[in-house]
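Heavy-atom basis, side chains included; hydrogens, waters and symmetry copies ignored. Since the structure is predicted, the reported quantities are computational estimates derived from the model, not experimental observations.
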Amino acid sequence: MNIPININKALSPATAILAVIAVTFPFFALFKLPLAHGMVVQVIEDVQSAWLLFGAIFTWFYMKPLTLAPRQKAFWCWATVWWVVLFGRGISWGRDFFPETPKIYFRIISVILIGTLLLMLLLPALRKEIAERVKHQSIPLWTVLLMVVCFLISDTIEHHRLLAPIFIRDSHYQDLLEELYELPFMLCLFDIALGIMRSDKKTLNQENIALIESYN
């Protein structure tokens, strides 16, 4: 069965700029940029964690899921949990801040967060909403492609996969490149989510106006 998908093929300026920046990452090693004994990588990781936490907070307060209809409520609660899971993974489920704590506690945290994400898929309202969005939600093609490509490159560098040497000009910059490629991935992810949020807000406002006019 063919599922109609609404593809937006327009290339946004933000996506174009991020793509150009991402192409330059492998050349950083040629300029011997200082790594400050790992401090540069640590700062980037901290920025990533802050951004993911911001994504969760922004999604929750912008969409206010508890005020929405059941299907939208389930979807935006699930989306918020996604951001929290990504944030948790980014900080190793808290181990980065409490390294002396037994690992079992961080394992429990990871199981709870990931389990919540998966268990929510048992909700009929959420499954119906996801299916409806797959059919009708506008998908920014180039932003999605850049997000996926940057994620795959970061994963390739991290796990020393076959194509890793294409991006790693100097092994000293491996960790830096891995973290750098995660930045456009996270920015694209937020940009996509923000587009969906704005679309939902617009629809909700139109429905509210129509409802008010029906009473007049």
A.B. asks: Is it true that the side chains of Thr59 and Trp76 contain a donor and an acceptor less than 3.5 Å apart?
C.D. replies: no
A.B. asks: When you measure from the side chain of Arg127 to the backbone of Leu121, do you find a donor-acceptor pair of N or O atoms at a distance under 3.5 Å?
C.D. replies: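 Here the side-chain-to-backbone pair exists.
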A.B. asks: Determine, using ring centers only, whether Phe61 and Phe58 are less than 6.0 Å apart.
C.D. replies: no
A.B. asks: Measure the CE-SG distance between Met120 and Cys77 for me, rounded to the nearest 0.5 Å.
C.D. replies: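 If I round to the nearest 0.5 Å, the distance is 5.5 Å.
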A.B. asks: Does any non-hydrogen side-chain atom of Arg89 lie less than 4.5 Å from one of Leu52?
C.D. replies: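 Not in contact.
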A.B. asks: With rounding to the nearest 0.5 angstrom, report the CG to SG distance, Leu189 to Cys150.
C.D. replies: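 Leu189 CG to Cys150 SG: 12.0 Å, rounded to 0.5 Å.
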A.B. asks: Mind checking whether Met63 and Asp200 have side chains closer than 4.5 Å, heavy atoms only?
C.D. replies: yes
A.B. asks: Is there a side-chain contact between Cys188 and Leu18 in this structure, where contact means two heavy atoms from C-beta onward sitting under 4.5 Å apart?
C.D. replies: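 SC-SC contact between Cys188 and Leu18 confirmed.
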A.B. asks: Tell me whether Gln48 contacts the main-chain N or O of Gly90 through its side chain, where contact means a donor paired with an acceptor under 3.5 Å.
C.D. replies: no
A.B. asks: Between Ser92 and Arg95 (side chain of the first, backbone of the second, donor and acceptor by atom type, cut-off under 3.5 Å), is there such a pair?
C.D. replies: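 Side chain of Ser92 to backbone of Arg95: no pair is present.
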A.B. asks: If you take all heavy atoms of Val85 and Leu113, which pair is closest and at what distance?
C.D. replies: CG2-O, 3.7 Å
A.B. asks: What closest approach, in Å, do Ile157 and Gln174 show between heavy atoms, and which atom pair accounts for it?
C.D. replies: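 Scanning both residues completely, I find the closest heavy atoms to be O-NE2, 3.3 Å.
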A.B. asks: Between Thr156 and Ala164 (side chain of the first, backbone of the second, donor and acceptor by atom type, cut-off under 3.5 Å), is there such a pair?
C.D. replies: no
A.B. asks: Are Val81 and Ile112 connected, step by step, through hydrophobic side chains (Ile, Leu, Val, Met, Phe, Trp, Tyr) whose heavy atoms are closer than 4.5 Å?
C.D. replies: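 No, because Val81 and Ile112 fall into different hydrophobic clusters, even though each may have its own neighbours under 4.5 Å.
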A.B. asks: Does the side chain to side chain contact (heavy atoms under 4.5 Å, CB included) test come out yes or no for Val144 and Ile139, once each step is laid out?
C.D. replies: CA-CA 8 Å; Val144 171; Ile139 299 175; 3.7 Å; yes
A.B. asks: Would you confirm whether the ring centroid of Phe151 sits within less than 6.0 angstrom of the ring centroid of Tyr181?
C.D. replies: no
A.B. asks: Applying side chain to side chain contact (heavy atoms under 4.5 Å, CB included) to Lys9 and Ile7, what does each step give before you reach the verdict?
C.D. replies: CA-CA 6 Å; Lys9 297 181 180 179; Ile7 301 293; 3.9 Å; yes
A.B. asks: So, for Ala193 and Trp83, which heavy atoms are closest and what is the spacing to 0.1 Å?
C.D. replies: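 In this case the closest contact between Ala193 and Trp83 is CB-CZ2, 4.3 Å.
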A.B. asks: Answer yes if Val134 and Leu145 sit in the same cluster of Ile, Leu, Val, Met, Phe, Trp and Tyr residues linked by side chain heavy atoms under 4.5 Å apart, and no otherwise.
C.D. replies: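 Yes; Leu145 is reachable from Val134 via cluster members.
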A.B. asks: Given the rule in the side chain to side chain contact (heavy atoms under 4.5 Å, CB included) test, do Trp142 and Leu146 qualify, once you have shown the distances and angles that lead to the verdict?
C.D. replies: CA-CA 6 Å; Trp142 296 109; Leu146 179 61; over 6 Å; no
A.B. asks: Nearest 0.5 angstrom please: Ile114 CD1 to Leu119 CG, how far?
C.D. replies: 11.5 Å
A.B. asks: According to a hydrophobic-cluster definition based on side-chain heavy atoms being under 4.5 Å apart (Ile, Leu, Val, Met, Phe, Trp, Tyr only), do Val43 and Leu180 belong together?
C.D. replies: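 No.
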A.B. asks: Calculate, to the nearest 0.5 Å, the distance between atoms CH2 and CG belonging to Trp51 and Leu86 respectively.
C.D. replies: 13.5 Å
A.B. asks: Side chains of Phe106 and Phe98, heavy atoms from C-beta outward: is any pair under 4.5 Å?
C.D. replies: yes
A.B. asks: I'd like to know whether Glu129 forms a salt bridge (Lys or Arg N to Asp or Glu O under 4.0 Å) with Arg133, so could you lay out the CA-CA distance, the side-chain angles of the two residues, the decisive distance to 0.1 Å, and finally the verdict.
C.D. replies: CA-CA 6 Å; Glu129 185 67 10; Arg133 288 177 182 274; 3.0 Å; yes
A.B. asks: Counting heavy atoms not belonging to Lys201, are there more than 12 under 6.0 Å from its NZ?
C.D. replies: yes
A.B. asks: Just by modelled atom types, is the Glu132 backbone N or O under 3.5 Å from a matching donor or acceptor in the His136 side chain?
C.D. replies: no
A.B. asks: Roughly how far apart are Thr80 OG1 and Tyr62 OH, rounded to 0.5 Å?
C.D. replies: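 Result: 13.5 Å between the selected atoms.
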A.B. asks: Can you give me the closest heavy-atom contact between Ser154 and Glu178, atom names plus distance?
C.D. replies: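 Heavy-atom minimum between the residues: OG-O, 3.0 Å.
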A.B. asks: Taking all non-hydrogen atoms of both residues, which atom of Asn8 and which atom of Ser138 are closest, and how far apart?
C.D. replies: CB-OG, 3.6 Å
A.B. asks: Check Thr24 against Phe28 and note the closest heavy-atom contact, atom names and distance.
C.D. replies: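 Heavy-atom minimum between the residues: O-CD1, 3.4 Å.
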A.B. asks: Under the criterion side chain to side chain contact (heavy atoms under 4.5 Å, CB included), I'd like the reasoning laid out for Leu194 against Arg198: C-alpha separation, chi angles, the key distance, then a yes or no.
C.D. replies: CA-CA 6 Å; Leu194 182 58; Arg198 285 175 172 169; 3.7 Å; yes
A.B. asks: Is there a path of hydrophobic side-chain contacts, each under 4.5 Å between heavy atoms of I/L/V/M/F/W/Y residues, joining Phe75 to Leu122?
C.D. replies: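 They do not share one cluster, since no chain of ILVMFWY contacts under 4.5 Å joins Leu122 to Phe75.
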A.B. asks: Let's go through Phe54 and Phe190 carefully: what are the C-alpha distance in whole Å and the side-chain angles of both, what is the deciding distance for ring pair (Phe, Tyr, Trp, His ring centres under 6.0 Å) to 0.1 Å, and is it a yes or a no?
C.D. replies: CA-CA 10 Å; Phe54 167 77; Phe190 182 81; 5.6 Å; yes
A.B. asks: Mind checking the CZ-CH2 spacing from Phe87 to Trp93? Nearest 0.5 Å is all I need.
C.D. replies: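 Rounded to the nearest 0.5 Å, the CZ-CH2 separation comes out at 10.5 Å.
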A.B. asks: Would one find more than 12 heavy atoms of other residues, nucleotides or ligands at under 6.0 Å from atom CH2 of Trp78?
C.D. replies: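 Yes.
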A.B. asks: Quick check: is Ile192 connected to Leu11 through a chain of hydrophobic side chains (ILVMFWY, heavy atoms under 4.5 Å apart)?
C.D. replies: yes
